Amino acid sequence: MSQSILALNAGSSSVKFALYDLGSSDGQLLVSRGTLDLGDAPRLTARAADGTVQCDRQFTADAPHGAGIAEILRLVKGELGGRKLICIGHRIVHGGNKFSKPVRLTPATIEALERLTTLAPLHQPRSLAPVRAIAALQPDLPQVGCFDTAFHHTIDPLVRRFALPQKYEREGLRRYGFHGLSYEYIAGRLSEISPALAAKRTIVAHLGNGASLCAVREGKSVDTTMGFSALDGLVMGTRCGAIDPGVLLYFLLERGMAADELQTMLYERSGLLGVSGISGDMRMLEASSDPRAREAIELFAFRAAREAAALANTMGGFECLVFTAGIGERSSSIRKSMCEKLTWLGVALDELANDAHAEIVSRPDSKVEVRVIATDEESVIARHSRAVMQVGSAT
Ligand code: ADP
């Protein structure tokens, strides 16, 4: 009986999933891919690898997250055919200092990961909710955790450091970085597409609802824009990105804002949504003629280019720029706007190629090759999960 692995990628408003057949070699074959949308009208959609729609239905549930995971499991089991599901792999947002590699999710590791919730109060519970739901539904099914922070363990201690008193650094107050599974995928794809380029210096722009940049040298992360939390760096859909810490003190001390109110504002009411007052969704802003939508888009591109220049400085230059995730893969105008601001660093955009969403969107004479690569975090999760299952627990 052939074996299969289910990869789950739980985000703030959706759970993406992908089922892989492991076959007999080291490779993995996509069987089916889907999304559980946890918005106002929860919806489960899935397509087979050939694009055939396998499922597209709404469902109502008091607790859409738990009920949704049960729905995904039911759907996947229906698609297993003669395959045996050997494990479920998860994207876990925070691995802290301890988890630098994927691990088997045992009661002990889950407890250790729960303790990291203080480092990612909104994201870590979302990562662990499906793990707990599956452990309750099917306690014998092995689960593996793959960490968004792990790819950044190669970052130099100096680059990680905050200029705070030593004792806080020892307590783990440092920059961790996120979106690591996406960056790992892009670094791997780049080395397949262009080994020569992958051996040099690349800035990867993961521009989705959450957005960050990563400086990758010889396939390894050397700097990134997210820090201690997933709030830092770029302007995002609803998150503020880098902000003067004095602003936070002002809200707390001068305006008497409660800490949880401040947290909600910074994570959920700021960014594109806060600036535009319309939406945190780039597609909606690009379709709007409202000047506030334009201001939000311009701020997004300005700040992203500014941070890209800072990462270029960490590496002493760069030869490649990769755009990925929802905005990076699909918004030619954001790519154009960012690239124009990076002209002085050797970026020369080919506008026709960019409008056509070509693989390479820079001109042949550009000092920096600009590429668009679709990310695939689920395939990285499946690959790591397989490795953990074959070698046993890596804790
Ligand atoms: P998540 O971080 O939730 O995985 P995605 O990578 O799916 O997010 O990216 C979502 C973002 O991509 C949203 O802001 C969405 O509006 C934007 N987006 C998707 N398609 C387009 C498009 N064609 N043009 C501009 N923005 C787009």
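What you are looking at is a predicted structure, and each value in this text was computed from that prediction instead of being measured. Each ligand, and each atom within it, is numbered from 1 in the order the structure gives. Position 1 is the first residue of the sequence, and the numbers go up from there.
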Nearest-contact summary for [atom] - protein heavy atom, Å:
| atom | answer |
| --- | --- |
| atom 7 (O) of ligand 1 | Lys16 NZ, 4.2 Å |
| atom 23 (N) of ligand 1 | Arg330 CB, 3.4 Å |
| atom 16 (O) of ligand 1 | Asp281 OD1, 2.5 Å |
| atom 6 (O) of ligand 1 | Gly326 N, 2.9 Å |
| atom 13 (C) of ligand 1 | Asn209 OD1, 3.9 Å |
| atom 14 (O) of ligand 1 | Met282 N, 3.0 Å |

- Item | Residue portion contacting ligand 1 (non-hydrogen atoms closer than 4.0 Å) for Met284 |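 Met284 to ligand 1: no contact under 4.0 Å from either part.
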Below 4.0 angstrom from a heavy atom of [X], which ligand 1 atoms are there? Numbered from 1 as shown, please.
| X | answer |
| --- | --- |
| Glu286 | 24 (N), 25 (C) |
| Gly210 | 2 (O) |
| Ser331 | 25 (C) |
| Ile327 | 11 (C), 12 (O), 14 (O), 17 (C) |

- Task: For the residue pair Thr35 and Asp37, confirm or rule out a side-chain donor-acceptor distance under 3.5 Å.
- Result: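 No.
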- Message: Could you tell me if Arg239 and Asn209 have a donor-acceptor pair between their side chains, going purely by distance under 3.5 Å?
- Response: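 The answer is no; no qualifying pair exists.
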Does [X] pair with [Y] as a salt bridge, N-O distance under 4.0 Å?
| X | Y | answer |
| --- | --- | --- |
| Lys167 | Glu171 | yes |
| Arg33 | Glu378 | yes |
| Glu286 | Arg283 | no |

- Shortest non-hydrogen contact from Gln138 toward Leu73: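 For Gln138 versus Leu73, the nearest heavy atoms are OE1-CD1, 4.0 Å.
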- Task: Locate the shortest heavy-atom distance separating Gly172 from Phe228; write the atom from each residue and the value.
- Result: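 Between these two residues, the closest heavy atoms are O-CE1, 3.9 Å.
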- Please tell me if the side chains of Arg335 and His357 come closer than 4.5 Å, counting only heavy atoms from C-beta onward.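 With C-beta onward as the side chain, the pair touches.
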- Query: Would you say Glu329 touches ligand 1, if touching means a heavy atom closer than 4.0 Å?
  - Reply: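 Contact check Glu329 vs ligand 1: negative.
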